[in-house]
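Just follow the structure's listing: the first ligand is 1, and inside any ligand the first atom is 1.
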Amino acid sequence: MNDRFLRACRGEPTDVTPVWFMRQAGRYQPEYRRLRARYRLLELARDPALCAEVTCGAVESLGVDAAILFSDIMVPLEPMGVAFDIREGTGPVVSAPIRRAADVERLRPLEPERHLRFVGEAIHRCRERLAVPLIGFAGGPFTLASYLVEGGPSRDYAATKRWMWTDPEGFQLLLERLSEAVAAFLAYQIREGAAAVQIFDSWVGALAPEDYAERVLPHLRRLVQAVRPLGAPIIYFGVGTATLLPWIRTLGVDVIGLDWRIPLGTARAQLGDQQAVQGNLDPAAVLAPWPVVAAKADAILAANGGRPGHIFNLGHGVLPETDPAILRRLVDWVHARPVGEGGRGAHG
Ligand code: CP3
């Protein structure tokens, strides 16, 4: 078993920097597009054999150090009573948005061992086939709430924020219910064999730091406290979170995901070396000519300066227009760099 990724999660030294990519299974792959021509995304996620094929196929063609279970952050919401569709080019669209406490009261508690057995089964199948650790995941409570309240993707999260400020109790109840479901779901994935879990709080960067700290962080704290005892490393990731890092640091997760808008050295200087970092190449940078990609990867490795606890990744998911061969070359490039190449203490 290649344990580079797990060692880096725990801040232990590794031979080379571990690397994987968010959305490493997806439309940029011809084999994924072929499967998607026959099955809907949720059909792939709900069929353990197909899910394992998509999850493991990506690992094998890229040579990455970790697998991420193929699914979607919306999957656990369906058994809670939320009807939605995932539309190509748009994302999740919820049929009846949730905007009042009464809507929250109608949500059913999630029982993963009853409702999401297909996830456990897919985890077992992946584990049989994989030589790298499998990452389980769930959406962060605010990010899930944003889809439920807006009814789909949003630019400004106006309905979500309006509710958060005008009916704080109702909105807090929604975050509470979602956090409980997410905690149960992550714990279930760990029990079934996920070696680490990532909380995708993709859209929290839309919040002012004070609102994040007052209205979202307490739920995340309880979530992390509930999952911690299971012993699997926890990764917390959001987009545009540079100004939230002082708060995220206090969550006590093992790994903090960084997008590309903050230099890794700057984040490291703020976070200290107690927690590992993951990232942070601009997902669009892999569309550039190879020398540009290689230079940007080297700059990130140099910014980390050889400190243990760095997992190389993109700052967000792989874009559909990405050339799979460039990603593969990037993995090999990172693996060919001895840790510490950039020189210790190079902040930048
Ligand atoms: O390889 C992996 O990373 C695992 C698979 C994965 C998917 N969704 C599959 C998927 C993961 C980890 C997710 C999480 C997810 N889903 C997030 C958090 C991560 C992030 O990107 O910030 C969010 C916000 C969603 C909601 C969602 N689902 C969006 C915004 C989209 C994109 C819509 C589009 O067409 O561009 C989806 C659809 C989706 N989920 C795809 C994939 C591979 C797109 C391809 C398809 O429709 O087959």
Side-chain angles (χ1 to χ4, degrees), residues 19-46 50-62 64 66-78 82 84-94 119 122-123 126 130 132 134-148 150-155 157 160 178 182 185-186 189 194 196-206 235-241 257-260 278-279 283 311 313-322 324 327:
V19 49
W20 69 279
F21 302 114
M22 294 185 276
R23 290 270 164 93
Q24 61 193 12
R27 274 168 300 183
Y28 78 98
Q29 300 173 291
E31 53 276 37
Y32 179 83
R33 290 197 300 271
R34 276 197 294 277
L35 270 176
R36 277 283 278 114
R38 292 169 53 203
Y39 304 98
R40 303 173 53 77
L41 187 148
L42 293 171
E43 287 177 317
L44 294 177
R46 287 188 186 124
L50 290 171
C51 175
E53 176 54 38
V54 173
T55 303
C56 303
V59 173
E60 288 154 11
S61 46
L62 291 170
V64 286
I68 181 154
L69 187 73
F70 184 81
S71 188
D72 195 86
I73 57 168
M74 300 300 285
V75 163
L77 298 178
E78 205 233 58
V82 178
F84 63 86
D85 182 28
I86 297 182
R87 299 211 184 127
E88 174 120 40
T90 303
V93 177
V94 174
V119 174
I123 292 174
C126 288
L130 289 169
V132 297
L134 176 67
I135 305 169
F137 74 90
F142 176 84
T143 295
L144 291 173
S146 80
Y147 283 111
L148 293 178
E150 305 292 336
S154 173
R155 188 179 292 271
Y157 305 93
T160 312
L178 290 172
V182 167
F185 187 35
L186 292 177
Q189 293 178 66
V197 288
Q198 177 155 327
I199 300 168
F200 280 94
D201 215 353
S202 304
W203 313 136
V204 281
I235 309 168
Y236 180 79
F237 166 79
V239 178
T241 54
L258 304 171
D259 78 355
W260 62 97
Q278 175 174 281
I311 298 153
N313 203 316
L314 302 180
H316 200 183
V318 178
L319 298 171
E321 48 272 68
T322 304
L327 277 193

Donor-acceptor pair, Q278 side chain versus W20 backbone, under 3.5 Å? no
Could you give the distance from CG (L35) to CD (Q29), rounded to the nearest 0.5 Å? 9.5 Å
I'd like to check whether G89 has a polar contact with ligand 1, where a contact means an N/O of the residue lying under 3.5 Å from an N/O of the ligand. yes
For T143 and ligand 1, answer yes if some heavy atom of the residue is under 4.0 Å from a ligand atom, otherwise no. no
With a cut-off of 4.0 Å, which atoms of ligand 1 are near a heavy atom of S202? 18 (C), 19 (C), 20 (C), 22 (O)
Mark the output for Y32 as yes if a heavy-atom distance to ligand 1 is under 4.0 Å, and as no if none is. yes
Ligand 1 N/O within reach of Q24 N/O, cut-off under 3.5 Å: yes
Mind checking whether G317 has a heavy atom under 4.0 Å from ligand 1? no
Heavy-atom nearest option to atom 31 (C) of ligand 1, drawn from R23, R27, E88, M22: R23
Using heavy-atom distances only, which candidate in L35, I68, L41 approaches atom 41 (C) of ligand 1 most closely? L41
Give the residue, atom name and distance (to 0.1 Å) of the protein heavy atom nearest atom 11 (C) of ligand 1. F137 CZ, 3.7 Å
So do the side chains of I199 and L186 get within less than 4.5 Å of each other, counting heavy atoms only? yes
Tell me the contacting part of F21 for ligand 1: side chain, backbone, both, or neither, using a 4.0 Å heavy-atom threshold, strictly below. neither
Other residues, nucleotides and ligands only: do more than 12 of their heavy atoms fall within 6.0 Å of CZ on R33? yes
Nearest non-hydrogen protein atom to atom 20 (C) of ligand 1, with distance, is H316 NE2, 3.1 Å
Mind checking whether L178 and L77 have side chains closer than 4.5 Å, heavy atoms only? yes
From the options S71, A45, G136, G238, select the one whose nearest heavy atom is closest to atom 9 (C) of ligand 1. S71
If you have a sec, work out which protein heavy atom is nearest atom 19 (C) of ligand 1 and how many Å separate them, to one decimal? F200 CD2, 3.3 Å
For ligand 1, which atoms have a heavy atom of A25 less than 4.0 angstrom away? 1 (O), 43 (C)
Give, for atom CG of L148 and atom CZ of F84, the distance between the pair rounded to the nearest 0.5 Å. 9.5 Å
Of all heavy-atom pairs between M22 and L314, which one has the smallest distance, and what is that distance? CE-O, 3.2 Å
Parallel, tilted or perpendicular: which one describes the rings of F200 and F237, with boundaries at 30° and 60°? perpendicular
Ligand 1 versus P92: contacting region, heavy-atom distance under 4.0 Å: side chain
Angle class for the H316/W203 ring planes (parallel below 30°, perpendicular above 60°, tilted otherwise)? perpendicular
Kindly give the heavy-atom pair with the smallest separation between L69 and C51, and that separation in Å. CD1-SG, 4.1 Å
P92 to P153 - nearest heavy-atom pair and separation: O-CD, 3.4 Å
The protein heavy atom nearest to atom 47 (O) of ligand 1 is R36 NH2, 3.1 Å
What verdict does the side-chain contact (heavy atoms from CB on, under 4.5 Å) test give for L134 and T55, after you've listed the backbone C-alpha separation in whole Å, the side-chain angles of each residue and the deciding distance to 0.1 Å? CA-CA 9 Å; L134 176 67; T55 303; 4.0 Å; yes
Looking only at non-hydrogen atoms, the one of F237, Y147, Y39 nearest atom 24 (C) of ligand 1 is Y147
Counting from 1, what ligand 1 atoms have a heavy atom of L69 closer than 4.0 Å? 4 (C)
What residue and atom, counting heavy atoms only, is the protein's closest point to atom 14 (C) of ligand 1, and at what distance? I73 CG2, 3.7 Å
So between D72, L144, I86, whose heavy atom ends up nearest atom 28 (N) of ligand 1? D72
Close approach, W203 and ligand 1, non-hydrogen under 4.0 angstrom: yes
Can you find a heavy atom in the side chain of I73 that is under 4.5 Å from one in the side chain of L144? yes
Quick one: look at M74 and ligand 1, take heavy-atom pairs under 4.0 Å, and tell me if it's side chain, backbone, both or neither. neither
